[in-house]
Amino acid sequence: MIWYVLRRLATLVPVALGVVTLTFALIHLVPGDPVVAMLGDTASPADIAGMRHRLGLDRPILVQYVDFLGGLAHGDLGESISYHQPVSRLIAERFPATLELAGAGLLVAMVIAFPLGFIAGAKPGSAGDVGSMGFAIVGISIPHIYLGPLLMIWFSLDLGLLPLTGRGGIPHLVLPAVTLGTALAAVLARMLRQSIIQVRDSDYMRTAVSKGLSPTLALFRHGLRNALTPVVTLLGLELGGLLTGALITEIIFSWPGLGRMLISAISARDYPLVEGAVLTFALTYVFVNMATDVVYALVDPRVSLR
Amino acid sequence: MAMISKPAVARMLALALCGSVALGCNRPKIGHPAGEIQVDIESSPTSTDPRFATDAISSRINELVFESLVKIGPDGQFVNDLAQSYERPDPKTLIFHLRHGVRFSDGRKLTARDIKFTYDSILDPDSMSPKRAGMKELASISAPDDYTIVMTTRHPYAPALEMAMQGIVPAGAPLPAAAMSAGPVGSGPFRMLSYKRDESVELARNPFHPAPPEAPGAILFKVVPDPTVRALELAEGQCDLSENNIEASVLPWLADHPELRVSNTPGTTYKYLMFNFRDPSLRDLRVRRAIAYAIDRQAIVTSVLHGTARVATGMLSPENWAYYGEVTDYGYDPAAACRLLDQAGYPARHDGMRNLRFEYKTTPEGARLAEVLQAMLKRVGITLNVRILEWATFYGDIQRGSFQLASLQWVGIDDPNFYYMTFDSSMTPPGMNRGYYSNPKMDALVRTGERTLDLAARRQIYQQVQMLAASDLPYVSLWWVDTVAVMNRSLSGFAPYPNGSLRSLADLTIARPGAIEEAARR
């Protein structure tokens, strides 16, 4: 497994290179100028030229790209044009908030999905199944932009239980995490239901039941672990959606995360910050997928990592 | 930024909001320390240093922290701030006599040396201050003694007082200010305690600046990008005041809330539809006039903006000293629009449409207005292709003059010399005459207006400018946006400024017993 992990880590280099190259090209291709955004309407052409020179934006694009890669090789992501701070410091300040939100969203998704999926899969067609899958359909259909304010209205405005916005402890985390995690919970619950239905018809389950175990207990003890394999795979793949969902959720809940900073950076055409933030998101996605593969092997002993 | 603010979602949420009223909203709230009020803002200030701040939010907050020689009062006129008086001994000289006893919030005395330093640091090319371009007429600034400032301009320059509205920092304040920390100290009613970009700005009272009794001891400006959430924070009591950033469709619901008060004041923010004169069809005055006649501005103000605007006659609002309203009026008249288009050589086909197709660029926030304009122009046979662009792309295109039709707004027009900036033929991109409008008569008028110091003579000049602008139609004047403030009823004394300034936050009082004492203990 160690060799497997090391090999996967080595693949990070071409992935990172691809991501930064693509991001660099895209952000430079789209119209908009960070200097004009910074200096405003009344700036003279001389001032604009001066600032472009100061920021190194008057150099050929290829030279800028090579310089950026050179800095990256030394762990230097450059300085943000709009924040006047090293990009690495800004990411270090903001990314924990995004990870906290995404982690909490993941937790909420699992806490909701596992019981619902299990109940629905254990007795297909029952009231529990219909109710669980009804939730799943609503959860998948409702967008974050609508669910977030609705939760705010119910739990903050009407019931006064939870704070509306901001970051500061578990009470602040609940509503954004539920907003973020609900759609994923719905997907996971449907997948787990399907997986459990397949498992419960297998021979070893029939054997367990014929030896005297109740069907539910047999499913819980012997079937659930097997049913989890496709769910874990899906969990890894869905993390990308969780991170992009966090961008919207961060705006709705005024959550001071990296996603919100990335959106500001795109508006300001803050090239170094956009590149650094996108790279961070991409590497996180790769890491999580690698972790998923490892968990896959732990959950299912038949899988070996090579 | 408000990328997620979709009108349809806002409408759905407005319904949900109305539905939730019945459940009651007077639950315990997560409050603020006594004596602190929260003001929600839609985006983060970009700079806490008045030498660099150009965006509206930064300017609004900096006005509370820094004083200037003169400032704009609630009636739109210049009033003294750091200056006790000023004189104009000749057309190129302004002499300011300063108030005595002014101190920065760290206790230092404010003298003419600080003022000279502030201006010198902006004028220094190495500073790269975006304010430098606005001071190109300033030839020199000197401080003959601690309480006198002498400004000389390169030419007789009528709007010279606008240059005296620069916030003053202490001599020696470093350049550039680090954007992630509180900026330099000022002598305004508040001092900056903290600045967290994209999160909040916290101000506390300047101990060296007099405050009214029961005034708030601190203000938390919280960045809340989503307009629906800003409305919810007001309803929940988390936010005490929000100005010009609540969607019009939610205002009636907030007005019904027993703890809230909605104040609607005539504003000076000017919304307009801009033509690009490089387009051959739009160069034809008949086409521009037809478009003006085809837009039912009153209907838009009533139904889309819920009455929170006034149909405009020109760039200057009636609150401006140079306003003149007896100009060509373009009331809604689709028949007149069709006649003009026929005369211009664009007859209607059998389906009612004409061989006129324009691209209208806008941002996601402007999508609803775009739909309305599209439908109204279709009635007279004009096809409007709407292109919705992300803000930076949109603004980049506008600044380069790369558009046919677009609507934008000007915020904070004080001096009518703004006509020179936007309509003089020498100000085409990268200047602010983005539609490439050119008329020698307009050039002569706005250039004379800039050099004429006599107020009565200037008023005459700008009367002609406004008539010519309404006749030539480089812009279709849409409306002046009202200043709409929603605030907690416990606040009193907040007087909204027509230009959206938040200066009167310094003078409001809060009706919470013991608030000031508790704030002072903090």
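Each chain gets a letter, A, B and so on, in the order the sequences are listed, and its residues count up from 1. In this text the structure is predicted, and so the values were computed from the model without any measurement.
- For Lys222(B), the part sitting under 4.5 Å from any heavy atom of chain A is the side chain, from C-beta outward, and nothing else.
- Both the backbone and the side chain of Ile266(A) come within contact range of chain B, with heavy atoms under 4.5 Å apart.
- Annotation: maximal heavy-atom pairing with chain A below 4.5 Å, among Arg400(B), Glu233(B), Met427(B), Lys136(B), occurs at Glu233(B).
- Glu250(A) and Thr98(A) share a side-chain donor-acceptor pair at under 3.5 Å.
- Panel note: side chain His74(A), backbone Asp76(A); no donor-acceptor pair is recorded below 3.5 Å.
- Among Thr393(B), Val229(B), Asp198(B), the residue with the largest count of heavy-atom pairs under 4.5 Å with chain A is Asp198(B).
- Checked by atom type, the side-chain pair Asn62(B)/Ser59(B) shows no donor-acceptor distance below 3.5 Å.
- With hydrogens and angles ignored, the 3.5 Å screen pairs a side-chain donor or acceptor of Arg260(A) with a backbone N or O of Ser254(A).
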